Amino acid sequence: MKTSSELADLIPHPVWTAGADGRVEFVNEPWRTATGMDASRAAGDGWIEAVHPEDRNAVRDLWKRRLRDGRPLEREARLRAADGTYRRFLLRGAPLRSGDGSPCGWIATWTDIEDVKRAQDALEERDRRKDEFIANLAIELRRPLAPIRSSLDILRIAGGTGAAADRAQSIMERQLATLVRLVDDLLEIPRSSGMPTELRRERVDLRAVIHVAVETSRPLIESAGHRLHVTVPPEPLTMSIDPVRVAQVISTLLGNAATFTPPGGEIWLTAQDEADDRVISVRDTGVGLAPEAIPSIFELFAPAERRHPVGQGSLGIGLALARSLVEKHGGRIEARSEGRGKGSEFVVRLPRLAERRSTPTAPPIAWSGIQGLRVLVVDDSRDSADSLGILLRHLGAETQVVYDGLSALEAMRGFQPAVVFLDIGMPGMDGYETARRIRSSPEGREISLVALTGWGQDEDRRRSKAEGFARHLLKPVDADALRAVLLSFEAPRREGAGGISR
């Protein structure tokens with residue numbers, strides 16, 4: 001038969017017992033293991049020395065009150081471990097009563113809740129970051145809308161010609177690009193959260209990828225008056241990478257450097273070989289990073305430690321996505337800074353993998369017009385549909401515009417289009433149902449369907465492909481993208497394919 005102390009040692013939580021006066025008389029083995037405090041040191045009021053100094057007075061005061069009123073006690077407190085670190089525990093104590101109901105002693109348990117509290121803290125911190133992100137999103141989306149509205153007023157008042165109109169058009173183009181970038185960032189959140197991203201590797205010269213990234217970032221850099229210094233080797237840096245994704249990473253780093261560097265700053269972009277890696281570095285003279293911010297700078301919804309008044313058009317998603325893309329290439333990315341106000345450097349290391357042979361791509365089709373190509377536009381947003389129709393006509397297509405699925409089916413019989421740009425998210429008959437009905441009609445079997453939508457995640461693209469769409473375009477679509485799509489459909493017809501290819 002085990003004694004009461006032996007039974008107490010079998011309890012997985014630290015336990016002590018005290019007399020009616022509140023002085024500790026016994027501690028079990030888990031208490032001694034957790035705190036490194038034996039029975040002699042814990043006896044009497046000695047146990048309180050294991051409590052964190054910041055919690056000690058509150059625990060002592062509560063313990064005295066419960067000794068007077070005889071009620072159970074419960075409180076969180078930190079206990080010092082044998083190695084000097086502290087963990088959070090939940091203290092629960094209850095009186096042991098004699099036959100007449102008066103307290104004759106006490107028993108208290110200490111439950112380790114450190115892991116649970118850390119998980120709760122992480123969730124609360126993530127919620128806080130999301131709240132900050134949403135607030136920042138509202139600000140960043142509103143920022144470009146003001147100059148767009150003002151520019152539209154300028155065009156309305158000044159007319160469509162003259163210096164003022166040219167200036168207004170330039171402003172709207174820049175701010176629209178900002179809005180598109182913000183929406184693109186939002187669409188990239190799932191990829192930043194670990195969802196799979198398919199890499200399309202090609203054998204390319206890294207210098208050409210850097211050139212694309214620089215040209216993409218140049219307007220932002222020049223608008224802030226920064227000086228950009230690019231240093232790359234004279235010899236080719238050929239490697240197997242996804243050129244679009246790597247350019248996206250470099251553009252993100254250049255954009256961050258431009259955003260978080262006060263006007264007139266310096267930015268250095270270098271690429272070189274180091275051992276088995278190709279190393280890309282982006283360094284700036286910007287606001288820098290606090291040492292405590294560096295470990296979390298690549299996390300999604302990380303605190304905006306680098307926020308600065310010159311920054312705009314950024315949601316803090318880019319670095320999380322950049323890390324994801326670099327790691328999918330088998331590489332790594334790191335941030336460096338000597339502190340706030342001392343600039344930052346971001347270093348990307350990509351392994352020099354064995355060259356992969358890529359399937360030769362067909363030479364680009366020379367632009368020779370698409371006159372005579374019948375295109376049907378279907379979108380419940382009249383402004384979107386009408387503006388796209390006008391743009392397609394200027395590109396040379398013969399175009400008809402309708403605003404719902406039923407009208408599209410009617411237009412199929414009379415207009416007989418070769419290509420249909422079809423909005424997915426229409427009310428009533430959505431784009432998928434409309435596509436199925438078009439495909440089932442005799443005149444719809446050889447038609448090329450293009451999904452035109454704001455839904456751009458990988459699952460959306462897979463579904464549109466499964467539903468028979470030849471292309472998946474995200475709104476807004478620029479003229480170059482439209483031209484490329486139409487040319488891809490036009491080429492088989494010019495070659496005598498007997499109709500438009502699916």
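It should be emphasised that the depicted structure is a prediction, and the values quoted were computed from it without experimental measurement. Basis for what follows: all heavy atoms, side chains included, without hydrogens, waters or symmetry-related copies.
- Between Glu202 and Ser240, every side-chain heavy-atom pair lies at or beyond the 4.5 Å cut-off.
- Residues satisfying the salt bridge (Lys or Arg N to Asp or Glu O under 4.0 Å) test with Glu49, not counting sequence neighbours, are Arg56.
- Formation of a donor-acceptor pair under 3.5 Å by the Arg278 side chain with backbone atoms of Thr238 is found in this model.
- The OG atom of Ser387 sits 13.5 Å away from the CZ atom of Arg382 when rounded to the nearest 0.5 Å.
- We find that Arg88 and Asp121 are joined by a salt bridge, their nearest charged nitrogen and carboxylate oxygen being less than 4.0 Å apart.
- In this structure a side-chain-to-backbone donor-acceptor pair under 3.5 Å is missing from Ser217 to Val214.
- By the salt bridge (Lys or Arg N to Asp or Glu O under 4.0 Å) test, Arg283 is found to be paired with no residue, residues two or more places apart in sequence or in another chain being considered.
- For the atom pair CG of Leu319 and CG of Leu253, the computed distance is 6.5 Å after rounding to the nearest 0.5 Å.
- The side-chain heavy atoms of Val347 and Ile333, taken from C-beta on, include no pair separated by under 4.5 Å.
- Between Arg75 and Asp55, none of the side-chain N atoms (NZ, or NE/NH1/NH2) sits under 4.0 Å from a carboxylate O, so this pair counts as no salt bridge.
- Rounded to the nearest 0.5 angstrom, His472 NE2 and Leu449 CG are separated by 13.5 Å.
- Within 6.0 Å of atom CD in Glu74, more than 12 heavy atoms from other residues, nucleotides or ligands are found, so the atom counts as buried in its surroundings.
- Not a single donor-acceptor pair under 3.5 Å links the side chain of His329 to the backbone N or O of Gly331.
- Leu220 and Ala258 make their closest contact through CG-CB, 3.9 Å (heavy atoms, listed as atom of the first residue, atom of the second, distance).
- Ser337 contributes a side-chain N or O that, together with a main-chain N or O of Gly343, makes up a donor-acceptor pair within less than 3.5 Å.
- A salt bridge is absent between Asp242 and Arg201; no separation between the charged side-chain nitrogens and carboxylate oxygens falls under 4.0 Å.
- Proximity of Leu325 to Val246: side-chain heavy atoms (C-beta onward) are nowhere separated by under 4.5 Å.
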Requested in this report: Apply side chain to side chain contact (heavy atoms under 4.5 Å, CB included) to the pair Thr261 and Val287, showing each step before the final yes or no.
Outcome: CA-CA 6 Å; Thr261 298; Val287 298; over 6 Å; no

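- Remark: the backbone N or O of Gly425 is not paired with any side-chain donor or acceptor of Asp430 at under 3.5 angstrom.
- With hydrogens and angles left out, the side-chain atoms of Thr85 and Asp83 include a donor and acceptor closer than 3.5 Å.
- A cation-pi arrangement, defined by a distance under 6.0 Å to the six-membered ring centre and an angle within 45 degrees of its axis, is present between Arg463 and Tyr432.
- Between atom CG of residue Leu391 and atom CG of residue Leu395 there is a gap of 5.0 Å, rounded to the nearest 0.5 Å.
- Using a 4.5 Å heavy-atom threshold, the side chains of Ile280 and Thr270 count as separate.
- With Asp284 contributing its side chain and Ser344 its backbone, the two residues share a donor-acceptor pair below 3.5 Å.
- Relative ring orientation between Trp110 and Phe89 is described as perpendicular, the plane-to-plane angle rising above 60° on a 0-90° scale split at 30° and 60°.
- Residues Arg336 and Glu334 are paired through a salt bridge, judged by an N-O separation under 4.0 Å between the basic side chain and the carboxylate.
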**Report entry** Test side chain to side chain contact (heavy atoms under 4.5 Å, CB included) applied to Asp380 and Asp404, step by step
**Finding:** CA-CA 6 Å; Asp380 64 295; Asp404 59 73; over 6 Å; no

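- You'll find the side chain of Val485 reaches within 4.5 Å of the side chain of Leu473, heavy atoms only.
- Side-chain contact of Asp386 with Tyr403: a donor-acceptor pair under 3.5 Å is present, judged by distance alone.
- Residue Glu292 holds its CD atom at 11.0 Å from CD1 of Ile297, rounded to the nearest 0.5 Å.
- The shortest heavy-atom contact between Phe298 and Arg323 is O-NH2, 3.5 Å.
- Between Pro53 and Tyr86, the shortest heavy-atom contact is CD-OH, 3.6 Å.
- For Glu266, the salt bridge (Lys or Arg N to Asp or Glu O under 4.0 Å) partners are Arg227, not counting sequence neighbours.
- Judged by distance alone, with hydrogens and angles left aside, the side-chain atoms of Asp112 form a donor-acceptor pair with the main-chain N or O of Glu114 at under 3.5 Å.
- Contact between Ala408 and Leu376 at its shortest, heavy atoms only, is O-CD2, 4.0 Å.
- Using modelled atom types and a 3.5 Å distance limit, the side chains of Glu345 and Ser281 yield a donor-acceptor pair.
- To the nearest 0.5 Å, the span separating NE2 on His211 from CD1 on Ile250 amounts to 12.5 Å.
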Report task. Using the side chain to side chain contact (heavy atoms under 4.5 Å, CB included) rule, take Ile424 and Leu452 through it: C-alpha gap first, then chi angles, then the decisive distance, then the call. Result -> CA-CA 7 Å; Ile424 297 299; Leu452 190 61; over 6 Å; no

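- Ile48 places a side-chain heavy atom less than 4.5 Å from the side chain of Val59.
- The shortest distance between side-chain heavy atoms of Leu482 and Leu388 falls below 4.5 Å.
- One finds a salt bridge joining Arg352 and Asp273 here, because a Lys/Arg side-chain nitrogen approaches an Asp/Glu carboxylate oxygen to under 4.0 Å.
- Counting only distance, with no hydrogens or angles, the side chain of His226 and the backbone of Ile221 share no donor-acceptor pair below 3.5 Å.
- Phe421 is listed as a side-chain neighbour of Val419, based on a closest heavy-atom distance under 4.5 Å.
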Query raised in the report: Do Val420 and Val378 pass the side chain to side chain contact (heavy atoms under 4.5 Å, CB included) test, and can you show the C-alpha distance, the side-chain angles, and the key distance before you say yes or no?
Result: CA-CA 7 Å; Val420 178; Val378 188; 4.0 Å; yes

